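Keep in mind it's a predicted model, so treat the numbers as computed, not measured. Positions are given from 1 along the sequence.
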Amino acid sequence: MKKLKKVITSTLLMFFAFLFFNCSECNNEIPRARVSNMSKKNIRVTIKSSDNDLEIIDKIESGKSSNYKNYDSSKVIFTIILENNVEITEEVSMSFCSDYEIIVNQDNSIITSSSNRD
């Protein structure tokens, strides 16, 4: 009976250890990104992915963000078009298991932040 308890206990411990380590790792999930407009005016965004797909977001209002969108793990070019038709370009190298946020500040500078998904 003691051997059976040891086997059951060992099996349960290995099972929970497997679940813990397996659930905390990203399994090569494709990256995703969004654009946040912290400037005082509306912006437009053109997004060009590595396979030359082009996406246009006609308007992101001041203080708002676009929805997250998935991209291939590669370089993606974000072109921000300000209301006075000035263009600011940001190239982002995206990698698996990461979320990216391209932030347009009040002074029209761009900051890119990333975080890893667990």
Checklist entry - Taking side chain as C-beta onward, heavy atoms only, is T112 less than 4.5 Å from I103? => result no
Item to check | Between S36 and E101, a side-chain donor and acceptor under 3.5 Å | outcome: yes
Next on the checklist: What I'd like to find out is whether the side chain of E55 reaches to under 4.5 Å of the side chain of K69, using heavy atoms alone.
Outcome noted: yes
Item to check | Approximate separation, where rounding is to 0.5 Å, of R117 CZ and N27 CG | outcome: 11.5 Å
Item to check | Flag, side chain of N105 to backbone of D107, donor-acceptor distance under 3.5 Å | outcome: no
Checklist entry - Just checking, any donor-acceptor pair under 3.5 angstrom between side chains of S74 and D72? => result no
Next on the checklist: Could you measure the distance from the CD atom of E61 to the CG atom of N42? Nearest 0.5 Å is fine.
Outcome noted: 5.5 Å
Checklist entry - How would you list all residue pairs meeting salt bridge (Lys or Arg N to Asp or Glu O under 4.0 Å) that involve residues 81-90, not counting sequence neighbours? => result none
Checklist entry - Distance from K75 atom NZ to S50 atom OG, nearest 0.5 Å? => result 10.5 Å
Checklist outcome for this item: Rounded to the nearest 0.5 angstrom, the CD-NZ distance for E91 and K48 is 10.5 Å
Checklist outcome for this item: Hits for side-chain hydrogen bond (donor to acceptor under 3.5 Å, both in side chains) against N67, two or more places apart or cross-chain, chain-then-number order -> none
Checklist entry - Which other residues belong to the hydrophobic cluster containing I60, where Ile, Leu, Val, Met, Phe, Trp and Tyr are joined when side-chain heavy atoms lie under 4.5 Å apart, directly or via other members? => result V35, I43, V45, I47, I57, Y71, V76, F78, I80, L82, V86, I88, V92, M94, Y100, I102, V104, I110
Next on the checklist: Under a 4.0 Å threshold between the charged nitrogen and the carboxylate oxygen, would D99 count as salt-bridged to R32?
Outcome noted: yes
